[in-house]
Amino acid sequence: VQLQASGGGLVQSGGSLRLSCAATKDINMDRYAIGWFRQAPGKGREGVSCIRNDEGTTYYADSVKGRFTVSRDNAKNTWYLQMNNLEPEDTAIYYCATDQIGYYCSEGFKYEYDYWGQGTQVTVSS
């Protein structure tokens, strides 16, 4: 499975971006857990949001709750992260990831994913 993330860019504080992640292999996406992670300069990777398999349960990091929305389009093998009211603290490289273990999405983002995209840079200016 190869993943291609896109949609990053430079935006002012309070602005919005929508990240996309497309899986390039023909897989049955509705069985997979999907997630978004980010890594800011000088910091470790942190979970941002994820969705379990076809069940659709979602989780968000506390820092993005109410501002970010994760969604998936299984027919297109693509998932999205809508980011609203962006803050300078959201500046990071954002990575999409997926795993065929469909329940690999939980509070605390404790699961390791098998497949990762290349990352897309999000920069929020104050």
Side-chain angles (χ1 to χ4, degrees):
V1 177
Q2 293 185 344
L3 307 179
Q4 181 70 42
S6 61
L10 173 63
V11 64
Q12 289 187 333
S13 182
S16 298
L17 285 172
R18 189 177 81 155
L19 305 183
S20 299
C21 184
T24 57
K25 183 175 179 179
D26 186 15
I27 57 175
N28 190 4
M29 276 297 300
D30 62 357
R31 298 172 57 188
Y32 283 61
I34 61 175
W36 288 98
F37 298 80
R38 67 186 181 185
Q39 186 164 16
K43 295 186 178 181
R45 188 183 69 198
E46 64 170 341
V48 176
S49 183
C50 60
I51 307 181
R52 285 184 180 172
N53 55 8
D54 201 39
E55 170 194 344
T57 300
T58 59
Y59 290 94
Y60 295 91
D62 288 342
S63 59
V64 306
K65 283 180 182 177
R67 301 188 298 121
F68 290 12
T69 303
V70 63
S71 61
R72 63 196 296 167
D73 186 337
N74 291 336
K76 295 181 178 180
N77 269 11
T78 301
W79 58 97
Y80 308 95
L81 185 67
Q82 178 67 44
M83 306 186 295
N84 297 329
N85 196 21
L86 283 160
E87 303 169 352
E89 292 74 22
D90 296 316
T91 294
I93 300 174
Y94 284 70
Y95 299 90
C96 57
T98 189
D99 198 282
Q100 59 187 329
I101 307 298
Y103 63 80
Y104 270 20
C105 169
S106 69
E107 199 79 40
F109 303 95
K110 62 182 180 180
Y111 296 108
E112 288 292 329
Y113 286 66
D114 282 341
Y115 306 106
W116 291 81
Q118 84 287 3
T120 184
Q121 177 71 48
V122 171
T123 303
V124 185
S125 62
S126 57

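To the nearest 0.5 Å, atom CE of residue Met29 and atom OG1 of residue Thr78 are 8.0 Å apart. Residue Gln39 holds its CD atom at 9.5 Å from CD of Glu46, rounded to the nearest 0.5 Å.
In plain terms, the two heavy atoms of Tyr60 and Val70 that are nearest each other are OH-N, 2.9 Å. The two residues Ser71 and Trp79 come nearest to each other via the heavy atoms O-CB, 3.2 Å. The shortest heavy-atom contact between Leu86 and Leu17 is CD1-N, 3.8 Å. Minimum interatomic distance between Ile51 and Thr58 (heavy atoms only, all atoms of both residues): CG1-CG2, 3.7 Å. Nearest heavy atom pair, residue Tyr111 against residue Tyr113, reads O-CD1, 3.6 Å.
With sequence neighbours excluded, the residues forming a side-chain contact (heavy atoms from CB on, under 4.5 Å) with Ile93 are Tyr95, Gln121, listed by chain and number. Take Ser6 and apply the side-chain contact (heavy atoms from CB on, under 4.5 Å) test, not counting sequence neighbours, and it matches Ser20. With sequence neighbours left out, Ala40 forms a side-chain contact (heavy atoms from CB on, under 4.5 Å) with Lys43, Ala92. For Phe109, there are no ring pair (Phe, Tyr, Trp, His ring centres under 6.0 Å) partners two or more places apart in sequence or in a different chain. Residues passing the ring pair (Phe, Tyr, Trp, His ring centres under 6.0 Å) test with Tyr94: none are found, sequence neighbours excluded. Legend: residues meeting side-chain contact (heavy atoms from CB on, under 4.5 Å) with Glu107, ordered by chain and number and at least two apart, are Tyr59, Lys65.
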What donor-acceptor contacts under 3.5 angstrom involve side-chain atoms of residues 97-106, with partners at least two apart or in another chain?
residue, atom, partner, partner atom, Å
Thr98, OG1, Ala33, O, 2.8
Asp99, OD1, Ile101, N, 2.9
Asp99, OD2, Asp114, N, 3.0

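The disulfide bond (SG atoms under 2.5 Å apart) analysis of residues 58-95, with sequence neighbours excluded, yields no pairs. Note on residues 117-126: no pairs pass salt bridge (charged side-chain N to carboxylate O under 4.0 Å, His left out), not counting sequence neighbours. Contacts classified as disulfide bond (SG atoms under 2.5 Å apart) and involving residues 7-42 (residues at least two apart or in different chains) are given here: Cys21-Cys96. Every pair passing side chain to side chain donor-acceptor pair (under 3.5 Å) that includes a residue from residues 81-90 is listed here, sequence neighbours excluded: Ser16-Asn84, Arg38-Asp90, Arg67-Asp90, Gln82-Asn84.
Other residues, nucleotides and ligands contribute only 12 or fewer heavy atoms inside 6.0 Å of the CD atom of Gln2.
Placement of Leu19 and Phe68 within a single hydrophobic cluster is found when ILVMFWY residues are connected by side-chain heavy-atom separations under 4.5 Å, directly or transitively. Hydrophobic clustering (ILVMFWY, side-chain heavy atoms < 4.5 Å, transitive): Trp36 and Tyr80 are in distinct clusters. With hydrophobic clusters built from ILVMFWY side chains whose heavy atoms lie under 4.5 angstrom apart, Val1 shares a cluster with Ile34. Linking Ile, Leu, Val, Met, Phe, Trp and Tyr whenever their side-chain heavy atoms come within less than 4.5 Å puts Val64 and Val124 in one cluster.
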Criterion side chain to side chain contact (heavy atoms under 4.5 Å, CB included) on Leu81 and Ser49, from CA distance to verdict:
CA-CA 8 Å; Leu81 185 67; Ser49 183; 4.2 Å; yes

